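I'd like to ask some things about the structure below.
Only a predicted model underlies this, so the values are computations on that prediction, with no experimental measurement involved.
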Amino acid sequence: MLVAAAVCPCPPVLVPEVASGAAPELDGLRAAALDAIGLLAAARPDRLVVVGPADEAGRGAYAQGSVGSFRGFGVDLDVRLGAAVTTPERPLPPSLSVGAWLLARTDWADAPVEGLGVGEPLATDRCVQAGRDIAASAERVALLVMGDGSACRTVKAPGYYDERAEDFDAAVGRALGAADTEALTGLDAELAEELKVSGRSSWQVLAGAAQDAGLHGELLCEEAPYGVGYFVVAWS
């Protein structure tokens, strides 16, 4: 059963070493994300699953101890998903690497950790079923859900400007803040793709896991510093 969840953004620039001189611009997001993970620990989960978007090569399950790297972003920095208990077979995708970095910053040792890379094209019903399966996997399950909103909020955004982006992100913020699983399940996957959203599938996994869990949400931070929608939310 899902007992808690934290929703965090997953741009590699959330890691100060990657952001370099621009690091202070995301200080508020980092602080909020660490607070959200602290609430996960307070829920005393038996199992923590980090869910995040991944390309085709990065999809699927990752065991505790899997390693991610930010070398592709010009930084000599590796991270590990929880304590090393296995020999990792493949590297973590960037979203799960950011999640692993956040957990390391909080010295996470409250429950075993696993990862799940989810493809953005994954159909809503399959996302929801994946969430239900995770929730049923242990008596007390927590989720760290990585994902970003639209990348089309300004003309300098990665996806340029799209007038629909702000309204889409506002709806996502309301749904996440209210722990509204129905609204998250109802997100338009086609529109999300057009707006270059990276969190739609992960949020719908969360929606599936949280069905009938009776959790309450709190929107801790919502920003769009680079024309990309970022959310930090705690469900408990």
Side-chain angles (χ1 to χ4, degrees), residues 6-38 40-41 48-120 142-149 151 154 156-159 196-199 201-202 220-221 223-232:
V7 176
C8 295
C10 60
V13 292
L14 199 65
V15 178
E17 291 88 342
V18 175
S20 188
E25 297 178 16
L26 298 181
D27 280 348
L29 279 170
R30 291 188 196 96
L34 296 176
D35 287 345
I37 291 173
L40 290 184
L48 172 65
V49 181
V50 185
V51 179
D55 61 18
E56 188 170 355
R59 295 169 192 169
Y62 290 84
Q64 179 163 303
S66 295
V67 175
S69 173
F70 295 100
R71 298 174 192 271
F73 302 95
V75 176
D76 185 13
L77 175 64
D78 295 332
V79 290
R80 188 179 293 276
L81 189 64
V85 296
T86 62
T87 301
E89 297 181 357
R90 56 179 180 152
L92 296 169
S95 67
L96 299 188
S97 295
V98 175
W101 178 82
L102 288 170
L103 291 173
R105 288 290 294 264
T106 64
D107 296 321
W108 179 271
D110 299 271
V113 185
E114 300 166 46
L116 179 65
V118 183
E120 271 308 288
L143 284 178
L144 172 55
V145 181
M146 311 300 295
D148 302 335
T154 69
K156 294 185 177 180
K196 301 189 183 302
V197 175
S198 72
S201 58
S202 299
L220 302 180
C221 188
E223 298 182 7
Y226 306 124
V228 181
Y230 297 140
F231 310 93
V232 180

Which atom names give the shortest non-hydrogen contact between P11 and V98, and what distance separates them?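 Nearest pair, atom of P11 first, then V98: O-CG2, 3.9 Å.
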Do you know which two heavy atoms are closest between A100 and V79, and how far apart they sit? CB-CG2, 4.0 Å
Quick one: does D78's side chain get under 4.5 Å of R71's, heavy atoms only?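 Heavy-atom side-chain distance check passes, below 4.5 Å.
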Going from CG on L14 to SG on C8, what distance comes out if it is rounded to the nearest 0.5 angstrom?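 If we round to the nearest 0.5 Å, L14:CG and C8:SG are 8.0 Å apart.
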Between V13 and A19, which heavy-atom pair has the shortest distance, and what is it? O-CB, 3.2 Å
Would a 4.5 Å heavy-atom cut-off, applied to side chains only, mark V113 and L103 as touching?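 A side-chain contact exists here, since the closest heavy-atom pair is under 4.5 Å.
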Looking at P53, is its backbone amide N or carbonyl O close enough to the side chain of S95 to form a donor-acceptor pair, meaning the two atoms are under 3.5 Å apart? yes
What are the two closest heavy atoms between S97 and G68, and how far apart are they? OG-CA, 3.3 Å
What's the spacing between L96 CG and Y62 OH if we round to 0.5 Å? 6.5 Å
Got a donor-acceptor contact below 3.5 angstrom from the T106 side chain to the L34 backbone? no
Report the C-alpha separation of L40 and L48 in whole Å, then their side-chain angles, then the decisive distance to 0.1 Å, and conclude whether the side chain to side chain contact (heavy atoms under 4.5 Å, CB included) test is met. CA-CA 9 Å; L40 290 184; L48 172 65; 4.0 Å; yes
Decide side chain to side chain contact (heavy atoms under 4.5 Å, CB included) for E17 and F73; before the verdict, give the C-alpha distance in whole Å, the side-chain angles of both, and the deciding distance to 0.1 Å. CA-CA 10 Å; E17 291 88 342; F73 302 95; over 6 Å; no
What distance do L92 atom CG and S69 atom OG have between them, rounded to the nearest 0.5 Å? 10.0 Å
Contact between V51 and V118 at the side-chain level, heavy atoms closer than 4.5 Å - yes or no? yes
Anything under 30° is parallel, anything over 60° is perpendicular, the rest tilted; go ahead and classify Y230 against Y226.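 Aromatic pair Y230/Y226 classed perpendicular.
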Should E223 and P9 count as side-chain neighbours, where that means a heavy-atom distance under 4.5 Å?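 No, side chains not in contact.
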L220 side, atom CG; F231 side, atom CZ - distance, nearest 0.5 Å: 13.0 Å
Specify the closest pair of heavy atoms between V232 and A36, including all atoms of both residues, with the distance to one decimal.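 In this case the closest contact between V232 and A36 is CG1-CB, 4.1 Å.
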List the atom of R59, the atom of A54, and the distance in Å for their closest heavy-atom pair. NE-O, 3.3 Å
Assess whether side chain to side chain contact (heavy atoms under 4.5 Å, CB included) is satisfied between L102 and M146, documenting all intermediate values. CA-CA 11 Å; L102 288 170; M146 311 300 295; 3.9 Å; yes
